[in-house]
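For reference, positions follow the sequence shown, starting with 1.
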Amino acid sequence: MIALALALFVGLTSFSITNRSSSPGAAYALGLPSAAAAGTNVAAASFARRQSENPKVRPNRTERRLALRAFQVEPLYPVALSLLIAAQPETEGRRRQALLDLASKLSRRNSYVSIEQLKSAALSDDNPGFFLWLSRLVLTDNDLRPTYIRAMADGTARPGAAKALAPVLGPKPAWAEDYWEAVVQRRSSLVNATELRITLANAPWNQTKVTPTDRTLSVGLATIGEFETARRLSAELTGRSRAAKNGNLVQNSDFSRTPLLPPFDWQLATTGSLGGSIDPGAKILSVSAIGGARGSAARQLVRLLPGSYRLDWSLVSDMPLPAGALSARIECAEVGVKSIPIEAIPMVAGKQTRTVEIPDGACSWYWLSLFVTLADDAQGIDAYFRSVSLAPAKGGGDIVEDARTPS
């Protein structure tokens, strides 16, 4: 009989502990000592409902009483402590922060404590703390994970964000890819995201593999005119010098690999009427277009000083190319910078060399584009480049070095 009663008590107590979160009302109704924590969960649910209607509301007398009872019975139960913290007036700043720090040591999964710590870090401009608590919320609240990741991506624009985020993203948490996909879509965060990415590429993290989001980040930087920042990212992740021994300023000029990090490598068109693709095995850049196509099949960002340059290419096609169907265009990439237009260079089949003059002016960054122009009634074209290079002519423009950024 005693054994049966003990077993019943243990069973009821286990039910109370197990269901204090999933069914707090039922667990609390049992009235056992362990139900005090369940009572706190009842109070927490009540407080959460009222707070959703009025964020400034505080726990009422009943909720505080239930929390205090649970704290007396089970002082290490974080939900009880979080309610007691919520009841603290804002004027009790130091005491409230001390309680938050204590609750944080008890549990990393209490959303209320984490959110309050996040707010505290934001108010005190504590960037490491801000991103640390955001990362904990990402891990502990699946329902709101996308919201917290978006907040982290927005917060990347904050001064000092790169330094604060490095230890958070360095270990490659499970949600890291979601973060990068979010941050590369935020114009205001791109520069700091680049600083973070460069930091992670170095020791102790050594995340050097180029990813799809790295490519999006690089193109995004060029779109907003952050050419030097994009160049640093490219130099860091690809580990290549921008100037070859022969002075060639074009990356992957022999098409021996797929593009690594456009626009400091080939940025290929993929539209319905025009496309460019690289076959590394054959070392060929294929350009295909239908009648009426107009635009860049492939382009690359280069930094040029005024002077004479030599443009070399090797080109074959299935059929004779219509006059003016393919041309090389060198155009200033810097928005709002006045520059003298450079005449397009018609590209014909065979191994060819042309000289191009880069005029004096304020522009430093240029798009080198392999441009297609076809009349609406023209036949389509299929052309194949074996090489494209651009280098200072003898006695012409200076070589612009873009060496790998020192670690």
Side-chain angles (χ1 to χ4, degrees), residues 1-124 129 132-134 136-145 147-148:
M1 194 69 177
I2 295 175
L4 179 61
L6 181 59
L8 181 60
F9 178 81
V10 171
L12 290 174
T13 303
S14 297
F15 173 83
S16 175
I17 294 172
T18 302
N19 292 279
R20 64 188 183 186
S21 294
S22 59
S23 303
Y28 181 62
L30 293 174
L32 298 170
S34 58
T40 300
N41 285 344
V42 172
S46 169
F47 174 58
R49 281 194 299 269
R50 294 190 305 106
Q51 194 181 43
S52 65
E53 298 171 359
N54 179 9
K56 295 183 179 180
V57 76
R58 297 196 180 280
N60 60 31
R61 181 179 298 179
T62 300
E63 291 160 353
R64 290 198 302 271
R65 179 176 55 80
L66 289 171
L68 184 59
R69 170 60 178 157
F71 185 72
Q72 291 169 339
V73 173
E74 193 174 343
L76 297 183
Y77 190 46
V79 176
L81 186 54
S82 68
L83 273 176
L84 294 176
I85 293 170
Q88 290 289 312
E90 296 291 342
T91 53
E92 296 286 338
R94 290 186 179 180
R95 182 179 180 185
R96 192 171 187 275
Q97 186 60 51
L99 289 172
L100 279 171
D101 293 340
L102 175 61
S104 302
K105 293 177 182 178
L106 292 178
S107 173
R108 295 186 177 187
R109 304 188 65 85
N110 187 288
S111 294
Y112 177 82
V113 171
S114 296
I115 290 171
E116 291 302 305
Q117 289 279 40
L118 181 68
K119 287 181 186 175
S120 176
L123 289 172
S124 60
L132 172 64
W133 288 107
L134 256 182
R136 288 187 180 180
L137 286 163
V138 169
L139 288 172
T140 58
D141 194 333
N142 290 332
D143 292 335
L144 290 176
R145 177 176 292 184
T147 300
Y148 294 137

Minimal non-hydrogen separation, Arg58 against Glu63, with atom names: O-OE1, 4.5 Å
Residues two or more places apart in sequence or in another chain: which of them pass side-chain hydrogen bond (donor to acceptor under 3.5 Å, both in side chains) with Thr62?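 Thr62 satisfies side-chain hydrogen bond (donor to acceptor under 3.5 Å, both in side chains) with no other residue.
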Report the distance from atom OH of Tyr148 to atom CG of Leu134, rounding to the nearest 0.5 Å.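 That separation rounds to 8.5 Å.
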